[in-house]
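In what follows, chains carry the letters A, B, and so on, assigned in the order in which the sequence lines appear, proteins first and then strands, with residues in each chain numbered from 1.
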Number of protein chains: 2
Amino acid sequence: MICTVTLNASIDKAYRISGGLEVGTVMRVLDCTDTAGGKGLNAARAVATCGERVVATGFVGGNNGRLLCELLQRDGIPEDFVRVTAETRCCVNVLDGNETSTEFLEPGREVSAAEFARMRERLLSLAAEASVVTIDGSVPHGVSPDDYAGLVEGVRNMGTPCILDTSGVLLERGVKAHPTMVKPNTDEIGQILGRKVTSMSEGAEAAAELHEGGVEQVVVSLGGDGAIMACDEGVFRGIAPKIEVVNPVGSGDTMVGAFAVAMERGMTKPEQLRFAMGCASANCLSKYTGHFNMKDAKRLAEGTRVERID
Amino acid sequence: MICTVTLNASIDKAYRISGGLEVGTVMRVLDCTDTAGGKGLNAARAVATCGERVVATGFVGGNNGRLLCELLQRDGIPEDFVRVTAETRCCVNVLDGNETSTEFLEPGREVSAAEFARMRERLLSLAAEASVVTIDGSVPHGVSPDDYAGLVEGVRNMGTPCILDTSGVLLERGVKAHPTMVKPNTDEIGQILGRKVTSMSEGAEAAAELHEGGVEQVVVSLGGDGAIMACDEGVFRGIAPKIEVVNPVGSGDTMVGAFAVAMERGMTKPEQLRFAMGCASANCLSKYTGHFNMKDAKRLAEGTRVERID
């Protein structure tokens, strides 16, 4: 079983409006679609799509929390969320007639120290059964970067592989807790190392440096240019087949879920990269965020070249 | 007891963002305030602020529906909503750092014929006890203008005074059901009569015409220029004292709630206008939509001049 952690889950609302978004006016929304949102939930959907057992945990609260659990049930994702007092947040994505997307991300509402303690306990009990844990995304008010890193540490101390997928100070502090894997993009890894990372070769260097710092597997996503992976077996580059991108949103989260599946299945590191890149590319072919088709993923994985570059 | 009807209630979410709203970007919301929204609920709050008993009805559904009822309870507004299958909608108001407001109104989700029949039955049973009923705002999918006008007719047939406060085709069709009172602005009354209504004198003419068509009391709001009222007693103009407007949103709804209170208390028509204008002006002094202070309202009503102009 794979466990995904989403501390700052949200109800993602997609608003479609007919014309362009005009600031300072009242706009009628044509239709509105609610999804159980958050990076960890996209990763959980990827695990389920791959055909493996998954349990999603994190915080949910209030009426939006109930709605989130209903949406997960509809998606066939088993959950073991910690119920908290604060309402689960919403995030609104306005898709206008000019095909422009404008997003409004609510902050996660306050979680108490006692509620966080319950979360930690819940996660450690899930990690005891899980083959891989992924800790994904941001945190609500009341959860510090140290709290967050403490979850990584707790999972690692139990000997369970832990993938960390976050950004900013949470990632900076989190890598110090030695997660099994991190998956930054070039901006994110550049921020950790305090220098600009723009090219493929700079990405490879940065990944190797972070790996030497104590992260078993460092994957740097380069968008359309593929991905770099640094691990004990060497530094590898994965090049996916060229595709017509429909919607790339959630493909990084899909990659994390697919890596967890690949680890659980005991694939070699280069095979893990190939498999995860196939799923991430397939996600770009679907208009729905964090959704893909396993047939596309297999075909794209077969077309993905993984070569050792160091 | 006064009964307010809000068929298309919503969770109104106020998003505060720091800079200007930039189309095509991701914006972090600083804070988010949820309110039980809809014109009828603003009217209900006004009735409660005036110190009279009120019951709010309409449709609520799903998790947002539960949240809406919780928010009403917090506001001290008793409710007798019809529970439906469809989720209650949200409306998002983005208040940016340039003090600009950009609104996104979700459409109300589908209500079935059977659910509407339950609403009608519930309303007629409430109208049997109520001294005044107000029917406010728009309708969700599945409710036609004829259905809406049928509610006005049902209440009127029981002999209970009914205030209708809506716009567009709902107002056009609704006035034919002879509500006791309507409260259009100049645009709205112009649309019903098929001509432009821009000046005070055109407003007075239009109000008189609609009154002759069978609406006992026609109040045309002129914003800062006050209001016109046509009724059997004559045509009157109300002029409120000049104030420093903080937030005018919801003052029309407040006016409707205050008119209901004034009718219940058996005030003369000119006194009703003075009282309602005092409350509506007081609403402009509060930064919260549909909230006012009774002390301000009394003072402003005393300063309001009501003169017969025809």
Report the option among B:Lys13, B:Arg66, B:Arg89 that has the most heavy-atom pairs separated by less than 4.5 Å from atoms of chain A.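 Most heavy-atom pairs within the cutoff with chain A belong to B:Arg66.
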Looking at B:Asn93, B:Val29, B:Thr100, which has the largest count of heavy-atom pairs under 4.5 Å with chain A?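 Sorted descending by pairs with chain A, the first entry is B:Val29.
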For each of A:Leu30, A:Asn98, A:Asp31, A:Val94, tally heavy-atom pairs with chain B at distances under 4.5 Å, and name the one with the top tally.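 Highest number of heavy-atom pairs under 4.5 Å: A:Val94.
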Pick whichever of A:Glu87, A:Arg28, A:Glu70, A:Arg109 has the most heavy-atom pairs under 4.5 Å with chain B.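 The residue among A:Glu87, A:Arg28, A:Glu70, A:Arg109 with the greatest pair count is A:Arg109.
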To the closest 0.5 Å, what do you measure between CG (B:Leu67) and CG (A:Asn63)?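 Going from the CG atom of B:Leu67 to the CG atom of A:Asn63 covers 5.0 Å.
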Pairwise distance SG(B:Cys90) to CD1(A:Ile11) - rounded to 0.5 angstrom: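 Result: 9.5 Å between the selected atoms.
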Per-residue contacts, residues 15-25 of chain B versus chain A, heavy atoms under 4.5 Å: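 Counting heavy atoms that sit under 4.5 Å from chain A, the residues of residues 15-25 of chain B involved are B:Tyr15, B:Leu21, B:Glu22, B:Val23, B:Gly24, B:Thr25.
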Heavy-atom proximity to chain B below 4.5 Å, by part of A:Asp96: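 When you check distances to chain B, only side chain atoms of A:Asp96 fall under 4.5 Å.
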What part of A:Thr102 gets within 4.5 angstrom of chain B, counting heavy atoms only: side chain, backbone, both, or neither?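 Both backbone and side chain of A:Thr102 come within 4.5 Å of chain B.
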Checking heavy atoms, do the side chain of B:Asp34, its backbone, both or neither come under 4.5 Å from chain A?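 It is the side chain, since no backbone atom gets that close.
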Show your reasoning for whether side-chain contact (heavy atoms from CB on, under 4.5 Å) applies to B:Leu105 and A:Val26. CA-CA 7 Å; B:Leu105 310 185; A:Val26 174; 3.6 Å; yes
